Amino acid sequence: MAFEDEKAVSADEEAAVVSGGADDDGEDEDETLKLTLSQAMYVNPKVRARSLFVLRLGVMADAVNTTILQPNYPIMATPNAHPDSFESTSPFDFSAATYFIPMTALLGVGIASVIIGTISDKVGRRPCVLVCLCVSTVLSIVKYLCRRNFWAFCGVNFINGLFSATTPLAMAYMGDVFTDKDEKTMAIGMVGAYNMVGMSGGGICAILLESQGLFIPLLLGAGLMAVSSILNIIFLVEPNRTLAPSLAHQYAQVDDKRMEAVESNQTGDQAAAWVENETDEKAPPETLDNCLLWNIIFGAFADNVGTSGLNPMCLSPLAFIQYYRNFWVLGLTPVMSLNAYKWISTLIAIMIIPSAVVSPQVFKKMGAAGACVSGNIVTAAVTVVLLYVATAAPATSGWFGAFVAILYTGFPVTVFSQLSTGPMLDTISPASKRGYTQGLNTSALNFGQALTPWLLGLLADATSTSVAIWTCVGVSLFAAVVNVPLLFRDGLGPPKKVKQMPDEGHRGLVGEDDELVEKVLRGEYVPVSMVDQLNEERIKLGKQLLVQRYGQYSDNTTGDLEKLRQNAKSDFKHLLRRKELFVGDLNKGEARAAVCERINAAMNRLDENDITEANQELGVWFTDYLKDNGYRDVHMSATATKQMIMSAFPSITQEKEFTPENVEATLLDSQRVYRKFVCLEDQEELYTKSIRQLIASKGSAPIVY
């Protein structure tokens, strides 16, 4: 295939790939066995880790190089503000010129992303990444040489943007490498995080090198690009998108779950349902749903337009004018210094990192589309708050601090909408279209970031900054509306709440009566002898035992309680018989330790959570019974109530487990207690029978007490 890298790994690395090193006898592996790097990437974690690392490094270096002058743009676009400022930005005024400089690069990235992404689907990700990195290295130096002329600099900046498509290529690369949905979401999100870290890093470089000149950082950016290019040439591996392991991992997980289902004694239908519910990884679609694709892309574009109102519009011109320029024009000390502005506008990008880390969990709960819609709404809300603080509140250091705090607190939540686009596109994309779809995403992002601030700058110059920002608020809300239909698409919206297959302590096993088990778990009457039979079979299989539940007292009618009394007698007798069998084993000479081990092993198969829940049900049932049967004053004397309970339930043992020393006494005490209850029921039955005889004989029959 054109996108396979057929370069073989070294003999030493092959041995590590195949067997993890030399065998137990110390003999070397057969050096004739060769793996291509594409194959080694799927079986050797080191090869894979190196490749992913250098690619992420390339993304970060590209972002550094693209934004390494960003904090300097307002100064570059203000003639005479600095010795390196452009002499003229005609025909643009300050706002339009400030945004025109980055717009040229972003337009180039937007155009290149679709084209290079599509090319990478055919020729491979690796060659496209290397071309982008190497050409950008050279163009960074050319930009430095054109620093004296505004239009020459912007022209080269545009050409450089045409070769700054590393980010969409990296996102498509992650889609090729990872098959697990959560891992893929995290990997794509981390590409965005590295990109944002690079954007912050570029700004930091500009700030630190300010004393050397506004354009000197370009040379540092060229050096970083050169190093990144070399590392990617050496270590970046082309993923083989047709290699079986790309999907085998997914189906292996399904097979593992199916085997677990069989081993846990589930029926075939149960196992199939469980596997279907538990496994959310699906094979990529065979065809691309263009209607769904453009819904996502258009929503992403609207989101990026709306986000421009928050960043950069709320920083520049809003904060720049309110907290710096208005003071500087009057010769006053600004609330915000130029260095403060640079650091604030630079470090804001780092706030995407916590969002990228938690985004897989957010997407798992809300779905990528849910996070997207929520992010659109939060973006609008945070923008409105910032606009109010900057325009309605006085321009003091206190309110400036509040402005920065709100910006840095709200921004991480707003970026969920942007982080969600990559995973959504990966979900709907065939493997052969990932570069194309991720390229469209990056194009939408960059066209939005390129055109919107510049057009908003023109709008702000023609009207006011507030009008421009309110326009973005409206677009953010519009983006939320556009993205709402995605909530109802399979794989994009909130995950369906599927009833999970209960564990073995909460369902019937193969060969068991499911209805009988359900009765036990609902607290309905099942003879204890039948429950014992179920649990004896579970002990033989090494499975979790059933714990009978109590249900709610309110569910029992008077007739139910009478039946309960009748059923209890047979249960008491069975419990007595069970204790007698254990005592009989002791009398036959069976070792006490063996009997203890048998009893303790059975008790240890009871789930502690089930026991806790059953205890809670018992407590509620007991207190409801007291309240409904005349014991309304039990709470007047806790001591008396406790004694009543202890009298009804005398202590059998306080030992936690059966031991050879206590087993006989414990079993006999248990029999004594159960026999007392049997006798009570016998007396109650005899008393009731005698009353009936007396009534029937009209007082002539004797009553036996």
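As the structure is a computational prediction, the values presented were derived from the model and not from experiment.
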To the closest 0.5 Å, what do you measure between [atom1] ([X]) and [atom2] ([Y])?
X	Y	atom1	atom2	answer
Asn376	Ser417	CG	OG	5.0 Å
Ile406	Leu310	CD1	CG	11.0 Å
Thr166	Met225	OG1	CE	6.0 Å
Thr287	Lys433	OG1	NZ	10.5 Å
Phe320	Leu315	CZ	CG	11.0 Å
Met336	Ile344	CE	CD1	6.0 Å

Give me the atom names and distance for the closest heavy-atom approach of [X] to [Y].
X	Y	value
Ser120	Gly117	OG-O, 2.7 Å
Thr391	Gln322	CA-NE2, 4.4 Å
Thr307	Ser476	N-OG, 4.1 Å
Ala395	Val335	O-CG2, 3.4 Å
Val482	Asn295	O-ND2, 3.2 Å
Tyr436	Trp294	OH-CZ2, 4.2 Å

Flag yes if more than 12 heavy atoms outside [X] fall under 6.0 Å of its [atom1] atom; otherwise flag no.
X	atom1	value
Lys143	NZ	yes
Phe53	CZ	no
Trp399	CH2	no

Side chain to side chain contact (heavy atoms under 4.5 Å, CB included) between Asn160 and Asn65: does it pass, once the steps are laid out? CA-CA 10 Å; Asn160 191 15; Asn65 190 53; 3.8 Å; yes
Determine whether a donor-acceptor pair (N or O, by modelled atom type, separation under 3.5 Å) exists between the side chain of [X] and the backbone of [Y].
X	Y	answer
Asn72	Leu214	yes
Arg125	Val237	no
Asn232	Val54	yes
Ser164	Val109	no
Ser136	Phe163	yes
Tyr323	Pro334	no
Thr471	Val467	yes

4.5 Å side-chain heavy-atom contact, [X] and [Y]:
X	Y	result
Pro494	Leu487	yes
Met103	Cys154	no
Val384	Trp470	yes
Leu492	Leu292	yes
Leu236	Tyr173	yes
Trp343	Ile204	yes
Val382	Leu386	yes
Met174	Leu55	yes

For Arg489, which residues count as a salt bridge (Lys or Arg N to Asp or Glu O under 4.0 Å) partner, sequence neighbours excluded? Asp289
Indicate, with yes or no, if the rings of Phe100 and Phe153 have centres closer together than 6.0 Å. no
Do Cys372 and Leu486 pass the side chain to side chain contact (heavy atoms under 4.5 Å, CB included) test, and can you show the C-alpha distance, the side-chain angles, and the key distance before you say yes or no? CA-CA 9 Å; Cys372 184; Leu486 302 177; 5.6 Å; no
Could you please spell out the steps behind the side chain to side chain contact (heavy atoms under 4.5 Å, CB included) verdict for Leu456 and Ser308? CA-CA 9 Å; Leu456 290 173; Ser308 297; 4.1 Å; yes
Go through Leu477 and Val481 one step at a time and tell me if the side chain to side chain contact (heavy atoms under 4.5 Å, CB included) criterion holds. CA-CA 7 Å; Leu477 296 176; Val481 174; 5.9 Å; no
Thr437 and Ser429: side-chain donor and acceptor closer than 3.5 Å?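 Yes, because at least one side-chain N or O of Thr437 sits under 3.5 Å from a partner of the opposite role on Ser429.
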With distance as the sole criterion, is a donor-acceptor pair present between the side chains of Asn304 and Gln418 under 3.5 Å? yes
Please say whether the positively charged group of Arg147, taken as NZ for Lys or CZ for Arg, lies over the ring of Tyr144, i.e. under 6.0 angstrom from the six-membered ring centre and within 45 degrees of the axis.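 Cation-pi check for Arg147 and Tyr144: passes.
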Please step through ring-ring contact (aromatic ring centres under 6.0 Å, His included) for the pair Phe215 and Phe86, ending with a clear verdict. CA-CA 11 Å; Phe215 294 90; Phe86 293 119; 5.7 Å; yes
